Peer 1: 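Here it is, the structure in full.
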Amino acid sequence: MKILFAASEAVPLVKTGGLADVAGALPKALNARGADVRVILPKYDTIPAALVDEFETIATFSVRIGWRDQYCGLLKAELDGVVYYLLDNEFYFKRGGLYGYGDDAERFIFFCYAVMESLYHMDFRPEIIHCHDWQTGLIPFLHKTRYRFDPACADIATVYTIHNLKYQGVFGRELFKDLMNAGEDLFFSEGIEFYGAGNCMLGGLRYADKLTTVSPTYAQEIQTEYYGERLDGLLRHRSADLVGIVNGIDTDLFDPMNDPAIESPYRGSLPRKRKNKLALQRELGLRESEDTPLLGIVSRLVDQKGLDLIAAVLDEIMQEDVQLVVLGSGDPQYEAMFRNAQLQRPERVATWFGFNDGLARRIYAGSDMYLMPSQFEPCGLSQLLALRYRSVPIVRETGGLRDTVLAYNEYTGEGNGFTFANYNAHDMLHTIRRAVGFYKDEAAWQQIVSNSAKEDYSWTRSAKAYMSLYNTISPLRKERQPWPVTS
């Protein structure tokens with residue numbers, strides 16, 4: 001099965017968030033199951049020069065955007081067993097960052113058109129185009145409208161994955177009409193009209209053959225008004241085509257037995273894990289103690305991650321016999337909150353504002369518990385990493401957190417963490433206190449940690465689910481037209 005991933009970022013080339021991890025790791029797992037998955041993304045200026053040097057230009061062509069014909073180069077390289085294509089246009093992508101520019105609408109409309117046009121020029125004919133997030137949302141729309149009867153595209157199926165419904169690519173109507181050379185028909189009932197504007201994500205949600213999101217619970221949540229971001233009606237309408245598949249993690253890259261960033265390798269041994277705890281306490285100037293439970297947070301410091309809950313009861317949390325380590329950046333009010341907590345209790349609270357991959361790994365390895373009380377969480381990566389490093393998660397039951405963390409039941413011995421349902425600060429506080437209580441019970445804590453070792457957090461599980469999904473749309477592919485298309 002031949003599949004082309006279209007994404008705005010992918011490791012090892014460029015990354016700003018979890019999307020890049022998915023677009024980089026899932027193709028490898030799918031290829032291991034016999035598929036031929038390749039990835040196409042923009043050629044950003046931020047891609048390391050050493051990686052860019054691996055690519056060769058295989059075609060150049062023009063893409064019509066508005067009244068202009070824009071140059072596009074198509075480059076190809078194989079990296080770590082996966083073939084990547086880059087779409088080159090320096091006007092759009094030779095910049096210091098990936099997103100946040102005033103012309104993002106034009107940049108990624110160009111990208112969507114360029115992906116479709118590249119099908120005429122690449123040495124690969126996909127059976128499925130798998131699109132990710134709003135930056136690729138117009139690809140299924142273009143495929144089913146402007147390219148509908150083109151022999152190069154007619155027998156291709158599309159899949160669209162929602163990584164975070166909150167970010168939809170909403171821009172003005174007149175801008176869409178100008179950039180797409182379209183009239184008002186672009187905004188009819190089956191178009192991309194969205195409360196007086198245009199919406200890139202709507203193109204994927206309406207026109208892709210199958211829809212996915214990154215956890216089963218999030219797939220249900222986004223069909224409700226509370227989580228649906230004004231798209232819940234459409235998602236309910238397409239519920240039969242919507243499936244939630246939990247992301248995985250690279251278990252080779254994140255392996256406490258072979259992680260050079262941590263002090264002492266371990267797997268399920270609490271004494272060996274606690275050597276990393278003592279090392280982390282020394283590194284950050286905390287009081288060294290195996291008996292005091294250490295809570296870790298590695299996160300963007302924003303409301304979505306439940307930081308307002310922590311703010312409401314932080315003093316009460318610190319009245320417990322616990323230590324707290326925080327790594328992240330975000331809203332100034334939350335950075336100031338943790339900074340003040342460290343000033344007040346320097347032997348019990350440590351902070352690092354920014355990102356440090358090595359320190360993040362040492363926090364996963366050295367913390368006893370990992371706090372993640374998110375307001376909403378499509379999938380979540382941190383709780384999977386915490387489980388991999390045997391740090392017991394304390395999470396709110398939402399999205400992927402609910403699907404991956406099972407509350408400990410002292411009567412049955414089941415469960416790999418601690419959870420609370422309501423978005424309430426004192427419910428979170430009670431759950432933290434409950435976890436601290438069980439930490440004092442060595443046998444119970446060992447059972448919880450051992451339970452986390454029973455789960456498969458790798459991409460292998462996710463790849464199997466995606467392959468099953470791809471097979472459900474294989475009947476859409478009739479006898480394929482001759483290729484390449486000849487005039």
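All values below come from the heavy atoms of this structure, side chains included, with hydrogens, waters and symmetry mates left out. Bear in mind that the values here come from a model prediction, so they are computed numbers and not experimental data.
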Peer 1: Any donor-acceptor pair under 3.5 Å linking the side chain of Arg390 with the backbone of Leu387?
Peer 2: yes

Peer 1: Taking all atoms of both residues into account, what is the closest heavy-atom pair of Asn164 and Phe376, and its distance?
Peer 2: OD1-CE1, 3.7 Å

Peer 1: Any side-chain donor-acceptor pair under 3.5 Å between Tyr207 and Thr158?
Peer 2: no

Peer 1: May I ask you to check whether Tyr84 and Glu54 show a side-chain donor-acceptor distance below 3.5 Å?
Peer 2: no

Peer 1: For Cys379 and Val214, which heavy atoms make the closest approach, and how far apart are they?
Peer 2: CB-O, 3.3 Å

Peer 1: Among side-chain atoms of Tyr364 and Arg388, is any donor-acceptor pair under 3.5 angstrom?
Peer 2: no

Peer 1: Side chains of Thr251 and Ser458: is there a donor and an acceptor less than 3.5 Å apart?
Peer 2: no

Peer 1: Using only heavy-atom distances, determine whether the side chains of Asp241 and Tyr160 contain a donor-acceptor pair under 3.5 Å.
Peer 2: no

Peer 1: Under 3.5 Å, side chain of Gln168 to main-chain N/O of Asn199, donor-acceptor pair present?
Peer 2: no

Peer 1: Would you say Thr224's side chain and Gln220's backbone share a donor-acceptor pair under 3.5 angstrom?
Peer 2: no

Peer 1: State, without any angle test, whether Thr398 and Tyr423 hold a side-chain donor-acceptor pair at a distance under 3.5 Å.
Peer 2: no

Peer 1: Is it true that Glu117 and Tyr147 share a donor-acceptor pair across their side chains at a distance under 3.5 Å?
Peer 2: yes

Peer 1: For His132 together with Phe5, are the ring centres under 6.0 Å from each other?
Peer 2: yes

Peer 1: Using atom types as modelled and distance alone, determine if a side-chain donor or acceptor of Arg361 lies under 3.5 Å from a backbone N or O of Ala261.
Peer 2: no

Peer 1: Are Trp459 and Lys28 packed together at the side-chain level, in the sense that at least one heavy-atom pair is separated by less than 4.5 angstrom?
Peer 2: no

Peer 1: Please tell me whether Glu9 and Tyr99 have a donor and an acceptor in their side chains that are separated by less than 3.5 angstrom.
Peer 2: yes

Peer 1: Does Asp45 come within less than 4.0 Å of Arg95, counting only side-chain N to carboxylate O?
Peer 2: no

Peer 1: Any luck finding a side-chain donor-acceptor pair between Asp232 and Tyr226 under 3.5 Å?
Peer 2: no

Peer 1: Run the numbers on Asp331 and Lys305 for salt bridge (charged side-chain N to carboxylate O under 4.0 Å, His left out), then give the verdict.
Peer 2: CA-CA 11 Å; Asp331 291 350; Lys305 298 299 183 179; over 6 Å; no

Peer 1: Begin from the C-alpha positions of Arg402 and Glu377 and carry the test salt bridge (charged side-chain N to carboxylate O under 4.0 Å, His left out) through to its verdict.
Peer 2: CA-CA 9 Å; Arg402 181 180 178 185; Glu377 196 67 58; over 6 Å; no

Peer 1: Please evaluate residues Lys144 and Glu190 with respect to the criterion salt bridge (charged side-chain N to carboxylate O under 4.0 Å, His left out), reporting the C-alpha separation (whole Å), side-chain torsions for both, the decisive distance (0.1 Å), and the verdict.
Peer 2: CA-CA 11 Å; Lys144 288 294 200 304; Glu190 292 303 312; over 6 Å; no

Peer 1: Kindly give the heavy-atom pair with the smallest separation between Thr46 and Gly97, and that separation in Å.
Peer 2: CG2-N, 4.3 Å

